[in-house]
Every structure is written in C-alpha cells, then in structure tokens.
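Worksheet for the structure shown next.
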Amino acid sequence: MVTDQLHGDILRHYAGEPLTERIIAALQAAGKSLDCLKIDDLAPIDEFHTRGRKATMELASAANIQQWMKILDVGSGIGGPSRCLAATYGCMVTGLDLSKEYCRVASMLADMVGLNHLVDYQQGDALDLPYADQSFDAVWTQHASMNISDKSRLYGEFYRVLKPGGVLAAYDVFSGSGETLHYPVPWASEPGSSFLVSPEESRLILAATGFDIKLWQDDTESATAWFRKIATKSSESSKPVLGLHLLLGDEFPSMLKNQFCNLQEGRIRIMQIVAERK
Ligand SMILES: C[S@@+](CC[C@H](N)C(=O)[O-])C[C@H]1O[C@@H](n2cnc3c(N)ncnc32)[C@H](O)[C@@H]1O
C-alpha cells in the first residue's frame, strides 16, 4: 500500500475528529477537577495499550529508566506513558506520533498536569525520525509497531537515534499461530493496516540491526487475563465515562471482544522487550 494512503487509514482509525472537547467533557463528567488534574486521573484514557499503566511501570523498571535519561517515545499516542515516565523518574521525554491531533492533545494534557517542562510532542513518522544520530539514551515504544510494515527500517531508526549503550524498551503485539485475526482490533479496523510479525522474526531483525537483547518476556498470559477482566466488566456494567472508547469510537466493544479472542486463541502474542544498542 502507498504510504500516504496507509497513513490516512491509520489516522482515520485513531483520531477521526477533534478529541480535546470529548476528553475534557469526559473528565468533567467523571468528576475530575480540571484545575488540579493528576496523571492518575488520565490513566484510563492515555495509557493506550494492553494492561495500561501497570505495563508501563513494569517496562520502565525492566529498562532501568533513570532521571538523567533523555527518552524518545515512538508512537506516543496522547502521551500517557511519556507523562508517567517524566512524573515518576523526572526524566525528559519527547513523544513522536503520526497523528497531529494526538500530539496536540498530548501537549494540552501535559500543560494541565504541569509536566510541560519535561515532555514535548512532535508529529512525525517512526520510519523517518526527525532527530540526529545518537540523540537519545532510551527509545521507548508501546503498541505502535503493529501499524508499521517495514520492521528493519523501524528498528534501524531506533538504533540510529540511540547513543551507544542506549536502551530500547518495547511492549508490543506480535503474530501468534499464523491464523488470520478477528477484526476490528484496537490498532486496525481491517487487515490492510495491520503488520504483525512473530516474536522470533522480530528478534532476528533486532539482532541483525545490532541490538543486544537483555529481556525477552512473553506477557501473553497476563494480557489475556487483563482482557478477560475488562471484557467481563464491560458486559456487566454500563460503559465507564473515562476509557479508550473515547479514542476508538463505536467499534471499541468489538475491538475489545476480538482482542480477547485473538489472545485466547493464540492468534497474537504480547511481548516485553529490552535491548541495548551496541
Ligand atoms: C495504540 S496507540 C499507542 C499509543 C501509546 N504508545 C500508548 O501506549 O499509550 C498507537 C500509536 O501509534 C501511532 N503510530 C502508528 N503508526 C505510526 C508511525 N508510522 N509513526 C509514528 N506513530 C505511529 C498512532 O498514531 C497511535 O497513536
């Protein structure tokens, strides 16, 4: 598929319309005070990946994130993980995302929680990172590579912008049994914008790029348990005011159900990865 068309499909999938008003209205409806908003208030909507904030904290600990690090979050969404890292460790994080609207919302939320001195957001393509070689101590990425077909180039870009000895921290979705997925899934309405490879293939590409794997952990079981819990909860109660349906729209219940089935049937796997740039 031509890049412009693919990017158009991805942008329509993630952010078809202005999000700001919807998020502000939902925060108010949930009884959050906009004057003293905390990052925890935002966690149900801004940690846009399996197992939410918990997965972010686990990856940060596994990657040994430190205050002095300058971090690049690739596919940063509306900025939950970057704000969480900045608030927890005091490090500086730049978020890069294909969606201008997501970057705008990410900056607004950073202002609202008083973190704009530590985080900044830039629209761009992960396959053509707008940064000089060896600019970052860590590259962070959660649930973004599924929309990107050229993994060699993606990992090559991660490698290029990392300093020698820098760390890649990834939490991603991979193919499992090889069977076709149930669609829509949270990252794609149909197969044309989903590009999963197996963990084994990914590991080979990372090694060929020059990364030294430090942690290679299958998180599929915990991910399945998490989806089981939220799928059960959402069938028992009415939709929560704050949740990822704000980003993913009307198809969200089907995405949730399909993601749970894909995990349970072994069609996808979730991995936590830490690798070092040689
Ligand atoms: C499921 S969201 C995850 C957001 C964030 N990492 C998080 O965990 O909260 C995937 C994000 O990847 C972004 N994305 C997809 N393809 C991209 C690309 N080629 N370059 C940069 N960002 C991309 C999307 O716009 C979307 O914001």
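The structure presented is a predicted model; accordingly, all values stated were derived computationally and were not measured. Indexing begins at 1, ligand by ligand and atom by atom, following the structure's order.
The shortest N or O to N or O distance between Gly75 and ligand 1 is under 3.5 Å. Taking only nitrogen or oxygen atoms, main chain and side chain alike, Ala144 does not reach within less than 3.5 Å of ligand 1. Checked by distance only, ligand 1 and Asp73 stay at 3.5 Å or farther apart across all their nitrogen or oxygen atoms. Considering backbone and side-chain atoms alike, Tyr102 places every N or O at 3.5 Å or more from each N or O of ligand 1. Checked against a 3.5 angstrom limit, the closest N/O atoms of Leu96 and ligand 1 fall outside it.
A cation-pi arrangement, defined by a distance under 6.0 Å to the six-membered ring centre and an angle within 45 degrees of its axis, is present between Arg277 and Tyr159.
The closest approach between a heavy atom of Thr141 and any atom of ligand 1 is not below 4.0 Å. Not a single heavy atom of Trp187 sits under 4.0 Å from any atom of ligand 1. In this structure, Gly124 has a heavy atom closer than 4.0 Å to ligand 1. For Gly80, the closest heavy-atom approach to ligand 1 does not fall below 4.0 Å.
Of the heavy atoms in Asp125, both backbone and side-chain atoms come closer than 4.0 Å to ligand 1. The proximity of Ile148 to ligand 1, defined as any non-hydrogen pair under 4.0 Å, is limited to the side chain. Contact annotation for Phe48 and ligand 1: heavy atoms of both the backbone and the side chain come within less than 4.0 Å of the ligand. Heavy atoms of Ser76 found under 4.0 angstrom from ligand 1 belong exclusively to the backbone.
Partners of Glu265 by salt bridge (charged side-chain N to carboxylate O under 4.0 Å, His left out), not counting sequence neighbours, listed by chain and number: Arg267. Evaluation of the side chain to side chain donor-acceptor pair (under 3.5 Å) rule for Gln122 yields Tyr131 as partners, not counting sequence neighbours.
The closest protein non-hydrogen atom to atom 8 (O) of ligand 1 is His49 ND1, 2.6 Å. For atom 20 (N) of ligand 1, the closest non-hydrogen atom of the protein is Ala126 N, 2.9 Å. When only non-hydrogen protein atoms are considered, atom 21 (C) of ligand 1 lies nearest to Leu98 N, 3.3 Å. The shortest contact between atom 10 (C) of ligand 1 and any protein heavy atom is with His143 O, 3.2 Å.
Side-chain contact between Leu246 and Leu19 is absent, with no heavy-atom pair separated by less than 4.5 Å. Side-chain contact between His49 and Thr56: present, with at least one pair of heavy atoms (C-beta onward) separated by less than 4.5 Å. Within the 4.5 Å cutoff, no side-chain heavy atoms of Ser82 are placed close to those of Trp140.
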* To do: With side-chain contact (heavy atoms from CB on, under 4.5 Å) as the test, would you mind laying out the steps for Asp73 and Leu85 before giving the verdict?
  => CA-CA 10 Å; Asp73 181 2; Leu85 294 178; over 6 Å; no
* Asked: Passes salt bridge (charged side-chain N to carboxylate O under 4.0 Å, His left out), Glu58 versus Lys54? Steps please.
  -> CA-CA 6 Å; Glu58 285 175 11; Lys54 198 154 189 272; 3.7 Å; yes
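By the 30° and 60° cut-offs, the orientation of the rings of His143 relative to Tyr171 is parallel.
Between Phe48 and Tyr14, a ring centre-to-centre spacing shorter than 6.0 Å is recorded.
Ranked by closest heavy atom to atom 13 (C) of ligand 1, the top entry among Leu244, Thr50, Asp97 is Asp97.
A donor atom on one side chain and an acceptor atom on the other are not found under 3.5 Å apart for Ser193 and Asp9.
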